[in-house]
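Letters A, B, ... mirror the listed sequences (proteins, then strands); counts begin at 1. Note: hydrogens, waters and symmetry copies are ignored here, and every other heavy atom, side chains too, is used.
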Number of protein chains: 2
Amino acid sequence: MTEAEIIRQIKTKGFKITSQRRAIIEALLVPDRPPTAQDVLEIVRDKYPYVSLDTVYRNINLLAEIGCVIKINLKNNEKSRFEILKHHHHHHLICLGCGEAVCLEKCLLDKHMDVLKDQGYKIVGHAFEIYGYCPSCCDTAE
Amino acid sequence: MTEAEIIRQIKTKGFKITSQRRAIIEALLVPDRPPTAQDVLEIVRDKYPYVSLDTVYRNINLLAEIGCVIKINLKNNEKSRFEILKHHHHHHLICLGCGEAVCLEKCLLDKHMDVLKDQGYKIVGHAFEIYGYCPSCCDTAE
DNA sequence: CCTCCAAACAAGAATATTCCTATTTAATAT
DNA sequence: ATATTAAATAGGAATATTCTTGTTTGGAGG
């Protein structure tokens, strides 16, 4: 998803475009690996020194709610990381060794959703994460 | 899983049985709906007034790691709730209306796991939660 | 262009959870 | 029973994230 597409989505849903919001979206696209809120703050502050961390969280959460960003919860109280949703809906394997989030090909959970919808539940979202060790961390493990 | 079975598991894995630990396990079984760490603390303190909240979290996390307890993450910064795993491995739908955690029948994620294991990943756990509204909260919603 | 109002903001307080350190204790070997 | 040691604990500090409050601002309508 490009910056322009995201901004269009935000407008469509009736939210406003502020300079901070725009800068946060751009910052999310800069780092190699999905950044933490703190990472985003530091990038944004190069341009807007008075942006608060709360604003970063508020905007990232908005982006997650409208489906433009995925929140990656690392275990053990590490900071969360946030990934702009480039292509399709997917989930992650989080390596407990190096902390890297590996994208899973495809979401296999639609079956669950369908059953619940039939039973009268209204589903608005889901979280799914796998914890383990990637092949190279398996090698170096004791 | 009964208290005795859990204690046996703890011993088997080389952890110690302390009076606080025992009391925490018992406290988890008391409330109707899965309790928060604070709920557990209050029950335990009836008997042991000097138990710390950290001890409750530490023990619940241990129980979760050895697979005796499931951690239920409610959205929006509500406190987590913890459920003694009575029967088989399963997940939850969390109602955003009333906050209730509905148990899902069965874990459909084994396919994912198998694929990853074939690729050399070592899987140690996963988190899966669905957010939505239960039928009665759907009725009362605007 | 000017007014208006909901949405967004900054700053700092609050919250849930974990970490740190010094002390105590369960289980094991003597 | 006693000594030993790693695990567990209490208490308080630290951390990530969200909430609160008063202020500012985007964008719709006149």
Minimum-distance pair of heavy atoms, taken over all atoms of A:R81 and A:P34
NH1-O, 2.7 Å

Applying salt bridge (Lys or Arg N to Asp or Glu O under 4.0 Å) to B:R22 and not counting sequence neighbours gives none

Please report the closest heavy-atom contact between A:L28 and A:P35, naming both atoms and the distance.
CD2-CG, 4.0 Å

Just to confirm, is there a sub-4.0 Å distance from OP1 or OP2 of C:dA16 to any side-chain nitrogen or oxygen of B:T36?
no

So, taking the atom named CD1 in A:I25 and the one named CD1 in A:I60, what distance separates them when rounded to the nearest 0.5 Å?
10.5 Å

Can you find a pair of side-chain heavy atoms, one from B:V44 and one from B:L41, that are under 4.5 Å apart?
no

Could you list the donor-acceptor pairs under 3.5 angstrom formed between side-chain atoms of residues 3-20 of chain B and any protein atom two or more places apart in sequence or on another chain?
residue : atom : partner : partner atom : Å
B:E5    : OE1  : B:T2    : N            : 2.9
B:T12   : OG1  : B:R8    : O            : 2.8
B:T18   : OG1  : B:R21   : N            : 3.0

A:F82 and A:T36: which non-hydrogen atoms are nearest, and at how many Å?
CD1-C, 4.5 Å

Whole angstrom value for the distance that separates C1' of C:dA16 from CG of B:L41
13 Å

List in numerical order all residues of residues 44-62 of chain A for which some heavy atom is under 4.0 Å away from an atom belonging to DNA chain C.
A:Y50, A:V51, A:S52, A:D54, A:T55, A:R58, A:N59

Could you walk me through whether B:V30 and B:D39 pass the side chain to side chain contact (heavy atoms under 4.5 Å, CB included) check?
CA-CA 10 Å; B:V30 172; B:D39 294 339; over 6 Å; no

Report the distance from atom NZ of A:K79 to atom P of C:dT18, rounded to the nearest whole Å.
17 Å

Can you pull out how bent the helix from C:dC1-D:dG30 to C:dT30-D:dA1 is, comparing the axes over its first five and last five pairs, to 10°?
40°

In residues 15-25 of chain A, what residues come within less than 4.0 Å of DNA chain C, judged by heavy atoms?
A:F15, A:K16, A:T18, A:Q20, A:R21

Looking only at heavy atoms, the pair that brings B:V51 and B:R45 closest together is O-NH2, 2.8 Å

I'd like to check B:I43 versus B:E26 (side-chain heavy atoms, cut-off strictly below 4.5 Å). Are they in contact?
no

Rounded to the nearest 0.5 Å, what separation is found between the CG atom of B:L29 and the CD1 atom of B:I84?
4.5 Å

Non-hydrogen atoms of B:P31 and B:A27 that approach each other most closely:
CD-O, 3.1 Å

Please list, for nucleotides 1-3 of chain C, all pairs of protein and nucleotide N/O atoms separated by less than 3.5 Å.
none

Below 4.5 Å, heavy atoms only, C-beta onward: do A:N59 and A:V40 meet side chain to side chain?
no

For atom CD of A:E65 and atom C1' of D:dT18, their distance in whole Å
13 Å

